[in-house]
There are 2 protein chains.
Amino acid sequence: MNKEITIYDIAKDLGVSPTTVSRALNDHPAVNTKTKQRIFEAADQMGYRSNVFASNLRRKSTNNIGIIVPRLNSSFQSSVLAGMEKVANEAGFNLIISQSLESYEKEKANARSMFNSRVDGLLVSLAGNTEKTEHFQAFMDKGIPVLFFDRVASQTGCTGVIIDNRQAGYNATKHLIQQGCKHIVHVLGNLNINVYAERLKGYKYALMDHDIAFSQDNVIHSDLNEEAGEDIAKKIMAMKPMPDGLFVSNDACAASCIRSLKQAGIAIPGDIAVVGFNNDVISRLIEPNLTTTHYPGYEMGEVAMKNLINHLSDSTEGVLQNTNTITLRSELIIRDSSLKKKSEA
Amino acid sequence: MNKEITIYDIAKDLGVSPTTVSRALNDHPAVNTKTKQRIFEAADQMGYRSNVFASNLRRKSTNNIGIIVPRLNSSFQSSVLAGMEKVANEAGFNLIISQSLESYEKEKANARSMFNSRVDGLLVSLAGNTEKTEHFQAFMDKGIPVLFFDRVASQTGCTGVIIDNRQAGYNATKHLIQQGCKHIVHVLGNLNINVYAERLKGYKYALMDHDIAFSQDNVIHSDLNEEAGEDIAKKIMAMKPMPDGLFVSNDACAASCIRSLKQAGIAIPGDIAVVGFNNDVISRLIEPNLTTTHYPGYEMGEVAMKNLINHLSDSTEGVLQNTNTITLRSELIIRDSSLKKKSEA
DNA sequence: CTGAAAGCGCTAACAC
DNA sequence: GTGTTAGCGCTTTCAG
């Protein structure tokens, strides 16, 4: 393993001081263009690579941004990550990514590790059972920006990038009502997660605004995964007056639910109109095509990362901190799975 | 922003030397248990956090592993990442992740950046248009292990974790033949990518072994995404004797293709039997359910990461380098989309 | 425009 | 079992 070459080697070789080399390599303006040129060439030719640690150690800043997501293998989350990576990469930041697997304990451990790795900023989408956010306090105390996306913590003073889940839930429900549904079941995930809690509110409000009584019996809690779809279908078929509308907080689950219902001979949307959430690929392929809410994952990633990086590079620290919430546009996409009437909503 | 506290502070506070503190914190055996205890308590109470850079600078090793994938927002890749993250996290490594967006140039830039970040090891799934692998030479020269997964470079001496794509292609094709198909079209991606090249070989061999003539006209090159499915459907319907079998190298694309064909009134599998690849969620939801090859993404991630970490911790450097290829089991999952006969293959 | 010198916080010899 | 010392490679005053 041949030895790493340092700015000292270059300096010696060229008969200048290490300081000058350092400055040249960092494109400092106060260095003669010619000297710079020579230094760059030498560095290149000698196979020099900067030692990030020495530099970090001195500057007390990494170029690393930490990201904690509930799961990496989720189509929504991976879109978000893709958007984040693009922006970060272009701005010269590295991404350190970890997953909480929906566990508060793991999230805490990951946050700790990010903290020790001295990330310049942190982007978080909270785990399902996270209730407190003390594990991010250390970051705030040190002035390291923490920004939440999608699954946000409202208590903290941190910025969050979200969609208006309440409105989206409202719109989805209203659409079903307008299609003539009177008895609408809502399937959702952990209510601890703002996303589901808000959609539920939207669902309730929409019912209320259209004089339909809300009943806890029409709310089904679920893991919202593929397997859960079957259970949900069973539950629905077991309901005494079978519902005529179904609003599931996730496309994959809605799709698997539709499959089970169809297998049992129930017509979609004839017997039950179904609305999903996320606008996953699957919503366009299942039959009938699934009405859903377009959820801009990639853009959310871009916006969150841009915002974080702005915070970092903004010398007037804290000024932008006032931005509390950035809400992205989401949109109900109406397809066949919910169209009982020919007229669109 | 309050000052960071260091081992010196702890040392002073406790009247011991920084060395002892350092040793204690690293759980060095040659430190009195009592002293250790005291140091841990002090560290905890003073809010100490280790400075990774100083440590890295000294030790000349990070605990970072770099990962370069073609795209983050791919269901297969995100499964792989999830598997990798799990293993790495448990072993105390951080993941620095970037995407090449299928571009050789970006892959090169990302590799360079990983190199400068001094990752301890690198995991790569190659971009579509990557033909040379010189950009990883720097790693090899420095003895930094590079391990490829899924999309591997055969030329290098690096280990690769893959599935037997040729065999999988062979099995898929053979299955179609056994279902009575005589005219089978194969849809694939960039032939530059081993994965597609190998599957094509498998397809050819299967035809040959069953005395069906191979024709270039039956091979369709595609981006294999959702939109491409429609084009493919058009192309197929335009073929003079319409094919009776279709082997698409990706589920999402196969599914969208099935949808288009069905819309045009073509019966699946009656008129055309279809086989996909990947065992994506979608294969279980499309109608008819899609015959496909189970592609163990999560396991691939786990295996690749475990292997890399073994390389790293193995003091007998290079010994395990001899492992050239690790092949995971993949398996044809037969569903309705290809079942022309009642008897299974 | 350039350089000398100090130090970021940690660890690894080497001593005791 | 503990301490002394030196130095990892860089950046940053401060002084020319």
Side-chain angles (χ1 to χ4, degrees), chain A residues 1-40 42-43 46-64 92 115-120 142 315, chain B residues 1-40 42-43 46-64 92 115-120 142 315:
Chain A
M1 214 155 312
N2 38 47
K3 218 170 111 270
E4 235 13 279
I5 94 129
T6 74
I7 53 170
Y8 287 91
D9 300 323
I10 302 180
K12 206 170 292 170
D13 234 55
L14 260 50
V16 295
S17 81
T19 315
T20 306
V21 177
S22 169
R23 286 209 261 253
L25 259 19
N26 287 312
D27 214 18
H28 191 109
V31 177
N32 189 313
T33 324
K34 279 226 171 114
T35 327
K36 238 183 226 175
Q37 189 63 27
R38 281 173 59 220
I39 292 176
F40 271 120
M46 297 170 75
Y48 167 80
R49 64 168 172 164
S50 144
N51 185 324
V52 206
F53 307 126
S55 164
N56 285 343
L57 177 57
R58 238 354 270 255
R59 290 183 302 104
K60 294 172 179 310
S61 111
T62 73
N63 259 330
N64 294 160
F115 186 67
N116 285 329
S117 303
R118 284 177 159 65
V119 291
D120 286 350
K142 282 253 150 35
S315 47
Chain B
M1 213 155 311
N2 38 46
K3 217 168 113 271
E4 237 8 283
I5 93 130
T6 74
I7 51 170
Y8 287 92
D9 299 323
I10 301 181
K12 206 171 295 172
D13 234 54
L14 261 52
V16 295
S17 82
T19 313
T20 306
V21 178
S22 169
R23 286 207 262 253
L25 259 19
N26 288 311
D27 213 20
H28 192 108
V31 177
N32 189 314
T33 324
K34 279 225 171 116
T35 328
K36 239 184 227 174
Q37 189 62 27
R38 282 173 60 221
I39 292 176
F40 271 121
M46 297 170 76
Y48 167 81
R49 65 168 170 163
S50 142
N51 186 325
V52 205
F53 307 127
S55 164
N56 285 343
L57 177 57
R58 228 6 260 257
R59 290 183 304 106
K60 293 172 179 312
S61 109
T62 72
N63 259 330
N64 294 160
F115 186 66
N116 285 329
S117 302
R118 284 176 161 66
V119 292
D120 286 351
K142 282 253 152 33
S315 48

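By convention in this document, chain letters (A, B, ...) are assigned in the order of the sequence lines, proteins followed by strands, and residues within each chain are numbered from 1. Everything quoted here is computed from the prediction, not taken from an experiment.
In this structure, CG of A:N26 is placed 14 Å from P of D:dT13, rounded to the nearest angstrom. Summarising the geometry, the separation between CD1 on A:I5 and C1' on D:dC10 is reported as 14 Å, rounded to the nearest angstrom. Rounded to a whole Å, the NE2 atom of B:H28 is 15 Å from the P atom of C:dC14. Rounding to whole angstrom units, CZ of residue B:R59 and C1' of C:dA13 are separated by 17 Å. A:I39 places its CD1 atom 10 Å from the C1' atom of C:dT2, with the value rounded to the nearest Å. As rounded to whole Å, 9 Å separates atom P of C:dC1 from atom NZ of A:K36. Remark: P of D:dG3 and CD1 of B:I10 are 14 Å apart, rounded to the nearest angstrom. Per the geometry, CG belonging to A:L57 stands 13 Å off P belonging to D:dC8, to the nearest Å.
With contacts defined as side-chain heavy-atom distances shorter than 4.5 Å, the pair B:D9/B:M46 qualifies. Looking at heavy atoms from C-beta onward, A:F53 lies in side-chain contact with B:T62 at the 4.5 angstrom threshold. When side chains are defined from C-beta on, B:N51 counts as touching A:R118, because their heavy atoms get closer than 4.5 Å.
The nucleotide whose nearest atom lies closest to any side-chain atom of B:T19 is, among D:dG9, C:dC10, D:dT4, D:dT4. The side chain of A:T20 has C:dG3 as its nearest neighbour among C:dG3, D:dC10, C:dC10. In the set D:dG7, C:dT2, D:dG9, D:dG7 carries the atom at the smallest distance from any side-chain atom of B:R58. Distances were taken from every side-chain heavy atom of A:S17 (C-beta onward) to each of C:dG3, C:dT11, D:dG3; the shortest belongs to C:dG3. Among the nucleotides D:dG9, C:dT11, C:dT2, the one closest to the side chain of A:R23 is C:dT2. The nucleotide whose nearest atom lies closest to any side-chain atom of B:A54 is, among C:dT11, D:dC10, C:dG9, C:dG9.
A:S22 comes within 4.0 angstrom of a base, heavy atoms only. Residue-level contact check: B:N56 touches neither bases nor backbone, having no heavy atom under 4.0 Å from any strand. At the heavy-atom level, B:F53 lies nowhere under 4.0 Å from the strands shown.
Looking at which nucleotide of DNA chain D each of A:N51 and B:V31 is closest to, the 5′-most match is held by B:V31. Looking at which nucleotide of DNA chain D each of B:K60 and B:T33 is closest to, the 5′-most match is held by B:T33.
Applying the 4.0 Å criterion to OP1 and OP2 of D:dC10, one finds that A:Y48 has a side-chain N or O inside that range. The phosphate of D:dT2 (OP1 or OP2) has a side-chain N or O of B:T35 nearer than 4.0 angstrom.
Side-chain contact check for A:N56 and A:R59: at least one donor-acceptor pair (N or O, by modelled atom type) lies under 3.5 Å.
At least one donor-acceptor pair closer than 3.5 Å links the side chain of A:N32 to the backbone N or O of A:K34.
Of all the heavy atoms in A:I7 and A:S22, the pair that sits closest is CD1-CB, 4.2 Å.
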